[in-house]
Visitor: 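Have a look at the structure that comes next, please.
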Number of protein chains: 2
Amino acid sequence: MDNYVQILKKNGLKVTPQRLEILKYLDTHRTHPTADTIYSDLKKTTPSLSKTTVYNTLQHLGEHGLVYTLTISGSELRFDSVINPHHHFLCKTCGSIIDIDIECPNARKVESAGGHRIDEVHGYFKGVCASCLKE
Amino acid sequence: MDNYVQILKKNGLKVTPQRLEILKYLDTHRTHPTADTIYSDLKKTTPSLSKTTVYNTLQHLGEHGLVYTLTISGSELRFDSVINPHHHFLCKTCGSIIDIDIECPNARKVESAGGHRIDEVHGYFKGVCASCLKE
DNA sequence: TATCATGTTGTAATGATTACAAGTTAGGGA
DNA sequence: TCCCTAACTTGTAATCATTACAACATGATA
């Protein structure tokens, strides 16, 4: 848990029990959860937790680059622990989101050509996953 | 307009004035509009138009690969006329969505390696656009 | 041109997210 | 160590995009 304290402090974020729990949750659940899933799961052990706090915290963590906000589903945000850059695959049959361990080879090229500053790169693939294809 | 009629027929979609208008709108407005923007604009010339029709039509067109549904913003869907495959850049300062004229070089590789069937490829870049960077 | 499956419309419901106000707490300075 | 204040948390209420639904209208086939 000390690790999470350091991460928050390093980013100038006040250390609170709620933030530590959410940060730990994301680190130990690499399942691209929704805000509501995080809320429901943590509510079990921290009944006083408020959904607003989950949303606020996720936004703060996102602004500091500590979590990655995925818009792949289109109906709800998904949150991802920031580790190595990777892409995502969404199965339109079963809804699962699968990590694709590649990085965009074009990001820097796009930046220098267009003159934009790129902060985030999202690679989304959508279709039917291998498991669903078998059925 | 005959062109749009053919497109609908070729895809087994019933030809209606509403669908023709929406298809034409998307073809002539390459601005990644929201459903609401399409609705408001078309409402001016077609007062009887219903927002539900816009949503229904966009969904049908999407299922037939005639429009591309972008989830880049995270708060609302954006719709794109399907032309050549390209990526998108979202400026977090001014909110504009800019076409990035590159294609994903990895899609086929991901498909064969993971065993998934890929129907859509979305490349999203987020940051600050060249125009906003100047200010 | 009669039929009916399919499309359209308007309204009401849903569900994720945000706004807000009141109470609570983390953490730096006395 | 204690106090103070800005920042955080909480709960409820509002917002806004999207979907559900039921009644009506229409395109296209025979």
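A, B, ... follow the sequence lines: proteins, then strands. Residue 1 opens every chain. Side chains included, hydrogens not; waters and symmetry mates left out as well; all remaining heavy atoms used.
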Visitor: So where does chain A start and stop touching DNA chain C, 5' to 3', when the test is distance under 4.0 Å to a non-hydrogen atom?
Guide: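 Contact span on the strand: C:dA16 to C:dG27.
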Visitor: To the side chain of A:Lys14, which of D:dT18, D:dT9, D:dC8 is closest?
Guide: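 Ranking D:dT18, D:dT9, D:dC8 by closest atom to the A:Lys14 side chain puts D:dC8 first.
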Visitor: Pick base, sugar-phosphate or nothing for A:Thr16, based on heavy-atom distances below 4.0 Å to the nucleic acid.
Guide: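 Sugar-phosphate contact only.
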Visitor: B:Ile38 CD1 to D:dT18 P: how many Å, rounded?
Guide: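 These atoms are roughly 10 Å apart.
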Visitor: Tell me the interatomic distance from B:Leu77, atom CG, to D:dC16, atom P, rounded to whole angstroms.
Guide: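 After rounding, the reported distance stands at 17 Å.
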Visitor: Go nucleotide by nucleotide along DNA chain C from the 5' end; which of A:Asp36 and A:Lys9 gets its closest nucleotide reached first?
Guide: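 Between the two, 5'-proximity favours A:Asp36.
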Visitor: Under 4.0 Å from OP1 or OP2 of D:dT10: is there any side-chain N or O of A:Gln18 that close?
Guide: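 Affirmative; the distance criterion is met.
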Visitor: For the pair made of CD1 in A:Ile22 and C1' in D:dT10, what is the distance, rounded to whole Å?
Guide: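 From A:Ile22 CD1 to D:dT10 C1': 13 Å.
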Visitor: Quick one: pull up CD1 in B:Ile72 and CG in B:Asp80 and give me the separation to the nearest 0.5 Å.
Guide: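 So the gap between those two atoms works out to 10.5 Å.
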Visitor: Would you classify A:Thr53 as touching base, sugar-phosphate or nothing, given that sugar-phosphate means primed atoms plus P, OP1 and OP2, and contacts are heavy atoms under 4.0 Å?
Guide: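 The residue A:Thr53 makes base contact.
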Visitor: Checking A:Thr57 side chain against A:Thr53 main chain: does a donor-acceptor pair fall under 3.5 Å?
Guide: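 A pair under 3.5 Å: yes.
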Visitor: Considering heavy-atom distances to DNA chain D, does A:Lys51 or A:His60 have its closest nucleotide positioned more toward the 5' end?
Guide: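 The residue mapped nearer the 5' terminus is A:His60.
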Visitor: For D:dT9, does either OP1 or OP2 sit under 4.0 Å from a side-chain N or O belonging to A:Arg19?
Guide: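 Answer is yes, contact under 4.0 Å.
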Visitor: Judged by each residue's nearest nucleotide on DNA chain C, which is more toward the 5′ side, B:Gly12 or B:Pro47?
Guide: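 With B:Pro47 and B:Gly12 compared, the 5'-side residue is B:Gly12.
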Visitor: Which atom pair, heavy atoms only, marks the closest approach of B:Gly65 to B:Val82?
Guide: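 What the structure gives for the nearest pair is O-CG2, 3.6 Å.
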Visitor: Are the side chain of A:Ser73 and the backbone N or O of A:Ser75 linked by a donor-acceptor pair below 3.5 Å?
Guide: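 The answer is yes, because a donor-acceptor pair under 3.5 Å joins these two groups.
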Visitor: Give a yes/no answer on whether the side chain of A:Ser48 brings an N or O atom under 4.0 Å of OP1 or OP2 in D:dT10.
Guide: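 Indeed, a polar side-chain atom of A:Ser48 lies that close.
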Visitor: Please report, rounded to the nearest Å, how far the P atom of D:dT9 is from the OH atom of A:Tyr39.
Guide: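 So the OH-P distance, A:Tyr39 to D:dT9, works out to 14 Å.
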Visitor: Could you check how far CG of B:Asn56 sits from C1' of D:dT18, rounded to whole Å?
Guide: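 Rounding to the nearest Å, CG of B:Asn56 and C1' of D:dT18 are 11 Å apart.
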Visitor: In whole angstroms, how far is the P atom of D:dT9 from the CG atom of A:Leu58?
Guide: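 After rounding, the reported distance stands at 12 Å.
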Visitor: Applying ring pair (Phe, Tyr, Trp, His ring centres under 6.0 Å), which residue pairs with at least one partner in residues 17-69 of chain B are found, sequence neighbours left out?
Guide: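 As it turns out, the ring pair (Phe, Tyr, Trp, His ring centres under 6.0 Å) pairs with a partner in residues 17-69 of chain B, which skip direct neighbours, are B:Tyr25-B:His29, B:His32-B:His88, B:Tyr68-B:His122.
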Visitor: Just to be sure I understand the rule, does A:Thr34 reach a base, reach only the sugar-phosphate, or reach nothing, if contact means heavy atoms closer than 4.0 Å?
Guide: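 It contacts nothing in the nucleic acid.
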Visitor: Looking only at heavy atoms, what is the nearest atom pair of A:Cys104 and A:Val121, with distance?
Guide: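 That would be CB-CG1, 3.7 Å.
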Visitor: Does the side chain of A:Asp99 come under 3.5 Å of the side chain of A:His87 through a donor N or O and an acceptor N or O?
Guide: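 Checked: A:Asp99/A:His87 side chains show no N/O donor-acceptor pair below 3.5 Å.
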Visitor: D:dA28 C1' sits how many Å from B:Leu13 CG, rounded?
Guide: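 So the CG-C1' distance, B:Leu13 to D:dA28, works out to 14 Å.
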